[in-house]
Amino acid sequence: MTTAPAGTAPRVPEAIHRRRWAILGTLILALLVVVLDNSILNVAMKTIATPAPVGLGASQSDLEWAINSYTLVFAGLLFTSGLLGDRFGRKKALLAGMLVFGLGSLLSAMASSPGQLITFRAVMGLGGAFVMPATLAIIMNVFERHEQPKAIGIWAGAVGLAIAIGPITGGLLIEHFWWGSVFLVNVPIVAVALVAMTLMVPDSRDPNPGRLDPIGVLLSIIGLVALIYGIIKGGDLADFTAAAAWVPVLIGVLALVAFVVYEKRVDHPALNVNWFRNKVFATSVTVIGLVFFALMGVSFFGVFYTQSVRGYSALASGALMLPLACAQLIFAPRARLVVDRFGVRATCAGGMGLIVLAFLGYLLLGRDTPIWVLELIGFIMGAGMAHVMPPVTVAIMGSLPREKAGAGSAINNTFRQVGGSLGVAVLGAVLSTSYRNGISDKLGLLPQPLRDKAGESVEATVGVAQSMGPKGAGLIGPAFDSFIHAMHVVAGVSAGVTLIGALMAWFFLPARIAAPGRPGAGAPAEARTAPAVQSTKA
């Protein structure tokens with residue numbers, strides 16, 4: 001018999017229940033390869049920019065679009081892919097996504113030009129968009145209610161692990177192989193995952209998906225793609241008043257407004273906008289967006305601090321992220337125990353408070369600060385994330401009917417992706433502007449062409465200084481000082497944004513919520529009356 005608390009009828013068939021942890025391991029393998037890929041690519045950037053035959057001779061713009069093409073397709077299709085998984089089967093969506101992701105990885109590894117790499121990265125984004133929502137949706141349908149918080153905690157810890165080990169893996173590959181190895185390494189992992197998924201993962205779907213909503217789906221894609229594109233462009237230009245930035249943002253906002261208006265009026269909406277009237281759901285997705293907005297600031301300036309200012313190699317720089325990953329691995333699967341004792345409100349607000357403390361810790365970092373301080377900050381931040389992401393994700397999924405798990409997972413990931421993209425763009429622009437303001441008065445003796453180039457970033461300033469020989473040595477110290485000041489500004493802004501999220505969690509999340517799919521506090525009426533979803537295959 002399926003183990004469940006007394007008085008609770010099991011929803012998961014016994015055959016699936018027995019292999020639930022093996023299924024989770026397979027899903028985490030898929031999750032790792034998709035999340036890990038983004039952080040791996042950052043390490044390979046310099047090599048890809050090197051002229052052939054070592055690299056592709058990619059320009060700075062090429063490198064940016066190698067990242068952005070993935071982000072645009074991934075973010076733009078997350079919501080749609082979740083809907084399709086609910087309608088046609090989450091296992092089918094997962095397998096199709098992994099197959100496309102693996103194919104895109106193979107093609108990216110074999111790319112012979114920057115244009116090809118950008119195109120094939122978009123293919124990888126298409127596959128990744130179907131994988132991410134499906135993993136969480138399947139978890140909701142193979143675990144009983146009382147075990148879902150633990151499973152989601154492990155799922156969230158795996159995301160943190162992938163983010164941390166990506167640079168280490170990338171550094172090892174770049175040191176021993178050619179740049180394409182950072183993509184080719186995905187192929188055997190995808191192959192193993194596909195076999196394991198085919199054999200073990202059950203299929204499930206919404207038994208009553210209703211009619212298709214092509215207009216709503218199209219509006220969501222246009223809105224998300226245009227919004228993300230405008231945000232990325234504004235960050236690249238460090239100027240959100242430029243038409244190339246604000247026009248796409250405006251188009252995206254208008255399309256999303258039209259999407260909401262249309263969904264409220266149509267009788268078969270792709271997204272039930274009434275879900276956002278549920279305080280728990282609305283607060284939870286907002287908190288996720290704010291957390292990832294702030295965290296992207298760290299990823300943006302962290303690499304430059306450790307590599308440019310402190311002189312660590314790419315591999316060593318990646319290894320410095322291990323405390324953050326270890327903290328998530330330790331605490332994320334156990335976050336449910338803290339929630340059981342103190343409640344979701346106190347746990348999430350406390351976790352956000354730890355993240356605020358970590359951001360404030362960055363204000364202590366200078367050119368010669370002992371590196372263990374950075375390690376401690378990373379551990380505190382990882383512990384904070386581990387006590388925010390699992391309970392907030394449980395709150396989101398618990399606020400929706402179980403048969404809408406794909407849509408709920410997609411909304412969760414969409415808010416995270418939009419928040420992260422905004423963080424990279426806005427906080428990147430803050431970092432760039434602060435740095436330029438700090439270094440500009442030190443560049444007066446340089447010729448105008450060199451002055452403009454040297455003011456772009458700390459890497460550019462150091463590059464110009466080194467090209468000038470002994471005459472440029474006096475620029476390096478001021479460049480590092482200006483960057484550290486800019487880093488402190490971004491850390492302060494990130495702390496403020498995270499504090500807003502902490503206050504929202506404290507004032508708007510309930511002290512207790514039911515487990516996902518369980519009738520109780522925080523669940524809308526349709527969630528409480530929705531029938532159980534039966535797997536279509538054991």
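Of the N and O atoms on the side chains of Thr135 and Trp155, at least one donor lies less than 3.5 Å from an acceptor on the other residue.
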Identify every side-chain donor-acceptor pair in residues 482-492 under 3.5 Å, counting partners at least two apart or on other chains, and give the distances.
unit_1 : atom_1 : unit_2 : atom_2 : d
Ser482 : OG     : Gly438 : O      : 3.3
Ser482 : OG     : Pro478 : O      : 2.9
His488 : NE2    : Tyr362 : O      : 3.3
His488 : NE2    : Leu363 : O      : 3.4
His488 : NE2    : Leu365 : O      : 2.9

Enumerate, atom names and distances included, each donor-acceptor pair closer than 3.5 Å involving a side-chain atom of residues 284-294, sequence neighbours excluded.
unit_1 : atom_1 : unit_2 : atom_2 : d
Ser284 : OG     : Val280 : O      : 2.7
Thr286 : OG1    : Ala282 : O      : 2.8

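Residues Ala502 and Gly353 share a closest heavy-atom pair of CB-N, 4.5 Å. Of all heavy-atom pairs between Ala129 and Pro133, the closest is O-CD, 3.0 Å. Taking each heavy atom of Leu427 and Ser494 in turn, the nearest pair found is CD1-OG, 3.5 Å. Here the closest non-hydrogen pair linking Pro510 and Val344 is O-CG1, 2.8 Å.
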Handout entry: Step-by-step side-chain contact (heavy atoms from CB on, under 4.5 Å) determination, Leu77 to Val225
Key = CA-CA 8 Å; Leu77 293 178; Val225 170; over 6 Å; no

Exercise for the section: Determine, stepwise, if the pair Ile221 / Thr80 fulfils side-chain contact (heavy atoms from CB on, under 4.5 Å). Expected result: CA-CA 8 Å; Ile221 293 173; Thr80 301; 3.4 Å; yes

Exercise for the section: Dump the intermediate steps for side-chain contact (heavy atoms from CB on, under 4.5 Å) on Val260 and Phe276, then the final yes or no. Expected result: CA-CA 11 Å; Val260 171; Phe276 288 92; over 6 Å; no

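Annotation: side chain of Met381 is not in contact with side chain of Leu354 (no heavy-atom distance under 4.5 Å). By the 4.5 Å heavy-atom criterion applied to side chains, Arg416 and Met132 are counted as neighbours. Pro333 is not listed as a side-chain neighbour of Lys150, based on a closest heavy-atom distance of 4.5 Å or more. Looking at heavy atoms from C-beta onward, Ile152 lies out of side-chain contact with Phe143 at the 4.5 angstrom threshold. Here the side chains of Ser108 and Met124 are in contact, with some heavy-atom distance below 4.5 Å.
Summarising the geometry, atom CG belonging to Leu227 is positioned 13.0 Å from atom CD1 belonging to Ile222; distances are rounded to the nearest 0.5 Å. For the atom pair CZ (Arg336) and CD1 (Ile154), the distance works out to 7.5 Å, reported to the nearest 0.5 Å. Separating the CG atom in Leu364 from the CG atom in Leu360 is a distance of 8.5 Å, to the nearest 0.5 Å. How far CG of Leu503 is from CE of Met352: 9.0 Å, rounded to the nearest 0.5 Å. In this structure, Ile371 CD1 and Leu376 CG are separated by 12.0 Å, a value rounded to the nearest 0.5 Å.
At distances below 3.5 Å, at least one donor-acceptor pair connects side-chain atoms of Arg345 with backbone N or O atoms of Leu509. Between the side chain of Arg334 and the backbone N or O of Ile330 there is at least one donor-acceptor pair closer than 3.5 Å.
The list of salt bridge (Lys or Arg N to Asp or Glu O under 4.0 Å) pairs with a residue in residues 350-372, not counting sequence neighbours, reads Arg367-Asp481.
Between Phe101 and Tyr70, the ring planes lie perpendicular to each other; the angle is over 60°, past the 30° to 60° tilted range.
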